[in-house]
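Everything on this sheet refers to the single structure shown next.
We count residues from 1, following the sequence as given. Since we're looking at a predicted model, the values are computed, not measured.
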Amino acid sequence: MKLGFLIVFWLMATVAFAQEKTVQGLVFDKTTKERIARVNLRNLRSGQSVYNNLKAEFKINIKVGDALVVSKFGYFTDTLKVQNYNDLAVYLKASSIVLKEVNVRDTVLSAKKKLEQTQREYSKIYGSLNHRDLLSISPGAGAGISIDAIWNMISKSGRNAEHLRQIIEQDYRTNVVDQRFNKTLVQQVTGFKDPQLTSFMTRYRPSYYLVTTASDYEFVTYIKSNIKRFMRNPNVRALPQLQPE
């Protein structure tokens, strides 16, 4: 009798252990503890592969003892061993590229310093002619018409100054992009050398907005994400950029 009971108990335990269930979970950044979206989870036993949603939530079918491979671009791939049917909390560690220290000579001005130097050299267009508002407000006199603004609108000198100011500001934005999207960084990330390096930088030159808003990690990820695109047609020449009139 006891032997029969033990056999039945063992069979029930085996069935329970082998039962596949759907569990849910979340994926977090191991360092920041923030949620990570668009992470792939693959069950090595069943072959099922799912992505979590924008809230970092996922559902996947598992059995106790299954191994889940968790992966996402920019993070180290990890393997999770399923111990029970509780909700899963998965933590991934961000991969990073350690860049060598770059020494910049003092004679090479930063984009901001170049702009400040240019503004000093062309102080007139950033001085009396740099009044764009038609309305001027003087203490105790109320609002009035800005003579400098009118002069800018109707005079050749004012129009030239405005045009020159636009050129200087555009040159500043170009220098900002060049300063961050430089050959030293791009070569370390891509491994390319000239002429491939120059070709890659020309084709995938980032915008001023991206350069000024992206974090270091996001900026390196942008460069890495374009490597495969470049390698499909490495000899294609990029169209020349349109120059303002």
query = Do Leu26 and Tyr91 sit in the same hydrophobic cluster, where Ile, Leu, Val, Met, Phe, Trp and Tyr count as joined when their side-chain heavy atoms come under 4.5 Å apart?
reply = yes

request  = Flag yes if Val70 and Phe73 sit in one hydrophobic cluster, no otherwise; membership is Ile, Leu, Val, Met, Phe, Trp, Tyr, and two members link when side-chain heavy atoms are under 4.5 Å apart.
outcome  = no

Side chains of [X] and [Y] in contact at under 4.5 Å (non-hydrogen atoms):
{"X": "Leu88", "Y": "Leu68", "value": "yes"}
{"X": "Val90", "Y": "Phe28", "value": "no"}
{"X": "Val220", "Y": "Lys224", "value": "yes"}
{"X": "Ile60", "Y": "Val23", "value": "yes"}
{"X": "Val39", "Y": "Phe58", "value": "no"}
{"X": "Leu210", "Y": "Tyr222", "value": "yes"}
{"X": "Val186", "Y": "Phe181", "value": "yes"}
{"X": "Ser199", "Y": "Thr202", "value": "no"}

How far does [atom1] of [X] sit from [atom2] of [Y], to the nearest 0.5 angstrom?
{"X": "Met201", "Y": "Ile223", "atom1": "CE", "atom2": "CD1", "answer": "8.0 Å"}
{"X": "Ile227", "Y": "Thr190", "atom1": "CD1", "atom2": "OG1", "answer": "5.5 Å"}
{"X": "Asp66", "Y": "Leu80", "atom1": "CG", "atom2": "CG", "answer": "10.5 Å"}
{"X": "Arg38", "Y": "Asn52", "atom1": "CZ", "atom2": "CG", "answer": "7.5 Å"}

query = Should side-chain heavy atoms under 4.5 Å link Ile, Leu, Val, Met, Phe, Trp and Tyr, which residues sit in the same cluster as Leu44?
reply = Val69

note = All heavy atoms of Asn40 vs all of Ser49, minimum pair found to be ND2-OG, 2.7 Å

ask   = Taking all atoms of both residues into account, what is the closest heavy-atom pair of Pro206 and Val177, and its distance?
value = O-CG1, 3.7 Å

For the pair [X] (side chain) and [Y] (backbone), establish whether a donor and an acceptor sit closer than 3.5 Å, ignoring hydrogens and angles.
{"X": "Glu218", "Y": "Ser215", "result": "yes"}
{"X": "Thr198", "Y": "Pro195", "result": "no"}
{"X": "Asn226", "Y": "Arg229", "result": "no"}
{"X": "Lys33", "Y": "Lys30", "result": "yes"}
{"X": "Ser95", "Y": "Gly74", "result": "yes"}

request  = Report yes or no: is the cationic atom of Arg180 (NZ for Lys, CZ for Arg) closer than 6.0 Å to the six-membered ring centre of Phe219, at no more than 45° off its axis?
outcome  = yes

query = Just checking, Lys21 and Tyr85: is the charged tip under 6.0 Å from the six-membered ring centre and within 45° of the axis?
reply = yes

Can you confirm whether [X] is buried at [atom1], in the sense that more than 12 heavy atoms of other residues, nucleotides or ligands lie under 6.0 Å from that atom?
{"X": "Lys55", "atom1": "NZ", "value": "no"}
{"X": "Tyr51", "atom1": "OH", "value": "no"}
{"X": "Arg42", "atom1": "CZ", "value": "no"}

ask   = Phe192 vs Phe230 aromatic rings, parallel, tilted or perpendicular, using cut-offs 30° and 60°?
value = tilted

request  = Step by step, work out the side chain to side chain contact (heavy atoms under 4.5 Å, CB included) result for Thr174 and Arg205.
outcome  = CA-CA 11 Å; Thr174 299; Arg205 180 179 175 84; 3.6 Å; yes

task = Just do the side chain to side chain contact (heavy atoms under 4.5 Å, CB included) check on Glu57 and Arg35 with the steps written out, would you?
result = CA-CA 9 Å; Glu57 304 165 340; Arg35 297 188 180 194; 4.2 Å; yes

request  = Report the C-alpha separation of Tyr75 and Asp29 in whole Å, then their side-chain angles, then the decisive distance to 0.1 Å, and conclude whether the side-chain hydrogen bond (donor to acceptor under 3.5 Å, both in side chains) test is met.
outcome  = CA-CA 9 Å; Tyr75 286 81; Asp29 184 293; 2.9 Å; yes

request  = Could you please spell out the steps behind the side chain to side chain contact (heavy atoms under 4.5 Å, CB included) verdict for Ile62 and Glu20?
outcome  = CA-CA 5 Å; Ile62 62 168; Glu20 185 174 88; 5.9 Å; no

key: Salt-bridge present (Lys183, Asp194; N to O < 4.0 Å)   = yes

